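Bear in mind the structure is a predicted one, so any value in this text is a computation, not a measurement. Only heavy atoms go into these numbers, but all of them, side chains included; no hydrogens, no water, no symmetry mates. Throughout, protein chains are lettered first and strands after them, A, B, ... in sequence-line order, and every chain is numbered starting at 1.
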Amino acid sequence: MRTYTTSAPGHIGESIEVKGWVNSRRDHGGLIFIDIRDHTSVLQLVVHPEAAEAFALAESLRDEFVIKASGKIAERAEELKNPNIATGSVELVVEHLELLNKSEPLPILVNSEQNVSEDMRLRYRYLDLRRPKMQHMLKKRAEYYSCMRSYMEDQEFIEVATPILANSSPEGARDFLIPSRLHPGKFYALPQAPQQFKQLLMVGGIPRYYQLAACFRDEDSRADRLYGEFYQLDLEVAFAESGEEIRSLMEPLIKRLVTDFAGKKLLTEDVPRIPYQEAMDRYGSDKPDLRFGMELVDLSEVLKDSGFGVFRNVLTDGGVVKAICVKGASSLSRSQIDKFTEIAKSEGAGGLAYLTFEAGEVKSPIAKFFSEAELRAIREATGAEDGDVVFFGADKREKVNKVLGRLRSEFAAHFKLKDPNVIALAWVVDFPFYEWDEKNNRLDFGHNPFSMPKGGVEALAAEDKLGIVADQYDMVMNGYEICSGAVRNHNPEVMYKVFAHLGYDEHYVNAKFGAMINAFKFGAPPHAGCAFGVDRMFMELMTEDNIREIVAFPKNGSGFDVMMNSPSVVDDTQLKELSIQSTSE
RNA sequence: GGGCUCGUGGUGUAGAGGCCUAACAUGCCUCCCUGUCACGGAGGAGAUCGCCGGUUCGAAUCCGGUCGGGCCCGCCA
């Protein structure tokens, strides 16, 4: 007898066998129904008292017991068909029933839609994974990986595994360190990304490398950022001399994932290329969500002689006054506006000034500070109509962009402008090579130090270091950064110069990136590449807003695995072997 | 490291100074039930309200601290 899945239980009259879990049991005294569930579906079993042995066992079954049932598939009478389940027109009339394993009463319900706290779900993840939603998620993820692999292979990339035991890298995130037993006092580090290895593969003559690479970073988590480990679709192309080569090479894959894989609509077939500065000025973000407009409008010129002291002072101090027009926001209550004000303050704003346009009038505590002409100009510049509210930001350019950028996203969420079935893609390009580190009052790398400055070594000589642009690009999906890449710096001289601007000498560079610098001296081809954050992209494609939803066994927000209890204490003998002092007493 | 927020039977919630000897749903146990489909019916067990301290005649409820979760800032591509 063949074993069938519950979703395809054979034809009517056929004798079959199914295995699975008891999803629910309905005992009518003289007749027992059992819904058996496997990875495909649910099937109703009917146990009649005539099958005495099976009936006796059926009486003792409980939720999530593991069973094997055999019997004949029967069509249900018309009025007994259940259109709510896939197999609702048939049932298995049980002849034999076997208990494969019992289950204790469950801490969380597998067969119910009842909300369970995330903490509980992670503690009992193996039960959580039995739920159809999680089963679907894991299946889709495998399909997702398969899409990416086949695309990369079609484009003649080859997958190369790079070391997990690597070296600590001074730039970027905190490392996970692995003490070396054979070399006391020395440490491996788990790679934050295979960056250096993939560049060495380029020097090694690999024309096109890719890897679904595990990356490790010891930084605090967020809803869109896993603690500890995550995966990248990491790739690099030898002899690529412009970012556009990489962008046009990878774009079709992402579009295909959006449409064919996720079944969503692309906002635009053409993926816009937006320079970093333009993204900041128009959207107040280097990862703008383009599903909605609500662009930032610069009113500095219009309000330069404003009677509103707060604005005028900011402008004379070299700051800017910008605004966003929120459609229909006049319906917001006072307390709702207070909530947005708090958000603005959390981003560093002093407050949140606004003008409400209603019934041809302007209502606002600050309206009286503006002339008729100014109000008209504001209305014209922002496109405000009756029912809209214009919110202002006045401060240094960077801060205003940050505050209004955040508000833009919050307002869009509040007014439900983020259509979950639409995916807006964009490439943000031309990132600043250096940025000013306010805290330490020094120049620092904007993105990562391995990028080629646009214009090469001549550009580096520029007086204004902050004006140097890197040939660097991010892909943005609905406001999430899903990819970061660059044309790499493959020239040792340029590399030294790049670091020299930050005050690092050749010794430092040799010590930290010796292997790469050395390799570059032996005929390194130009190369460029990028890495997609596959977890985050998958989250958005699956319309989830928490990244732990789409990973089988994630750590919780504080980096703890509540199921496995890791991290955990280890034996002193293990520590001794690793030449580590015990801290237990 | 900081801000906001949550913590009540196994699970999910309600209760917001005395109506609490803590409610509801679900799960669990016992019994009844031959067409249910998250079956139904009757009964029952199960919580010192995260922990410590304070205010009060009286605290699940107010205050302080602490521990844990979530979101955010910092950090991170």
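An OP1 or OP2 oxygen of B:A38 is reached within less than 4.0 angstrom by no side-chain nitrogen or oxygen of A:R131. In terms of phosphate contacts, A:R25 brings no side-chain nitrogen or oxygen within less than 4.0 Å of OP1 or OP2 of B:A38.
Spacing between B:G70 and B:C37 at atom P, rounded to whole Å, works out to 38 Å. Here, B:G44 and B:G50 have their P atoms 28 Å apart, quoted to the whole Å. Remark: the separation of the C1' atoms in B:U56 and B:C67 is 26 Å, to the nearest Å. Here, B:G3 and B:C39 have their C1' atoms 50 Å apart, quoted to the whole Å. Between B:C62 and B:U55, the two C1' atoms lie 8 Å apart (nearest whole Å). If you take atom P in B:C33 and the same atom in B:A38, they sit 24 Å apart, rounded to whole Å. Spacing of P atoms, B:C4 relative to B:C63, comes out at 13 Å, to the nearest Å. B:G58 sits 16 Å from B:A16 when the C1' atoms are compared, rounded to a whole Å.
The existence of a salt bridge linking A:K81 and A:E75 is confirmed by a sub-4.0 Å separation between a basic side-chain nitrogen and an acidic carboxylate oxygen.
Both tests do not hold together for A:R25 against A:F33: distance to the six-membered ring centre under 6.0 Å, angle to the ring axis within 45°.
Stacking annotation: A:H48 is not stacked on the base of B:U34 (requires ring centroids less than 5.5 angstrom apart and an interplanar angle below 30 degrees).
Here A:F433 and A:H501 keep their ring centres 6.0 angstrom or further from each other. Checked against the 6.0 Å centroid criterion, the rings of A:F391 and A:F411 qualify as a close aromatic pair.
Residue A:G88 is classed as having no contact, given no heavy-atom separation below 4.0 Å to the nucleic acid. Residue contacts for A:N115: at a heavy-atom cut-off of 4.0 Å it reaches the sugar-phosphate backbone alone, with no base atom in range. Backbone-only contact: A:S24 has heavy atoms under 4.0 Å from sugar-phosphate atoms and none from a base. Residue contacts for A:E79: at a heavy-atom cut-off of 4.0 Å it reaches no nucleic acid atom on any strand shown. If you check every strand for non-hydrogen atoms under 4.0 Å, A:E91 touches a base.
Of the nucleotides present, B:A42 is the one that pairs with B:U30 by Watson-Crick or G-U wobble criteria, both distances under 3.5 Å.
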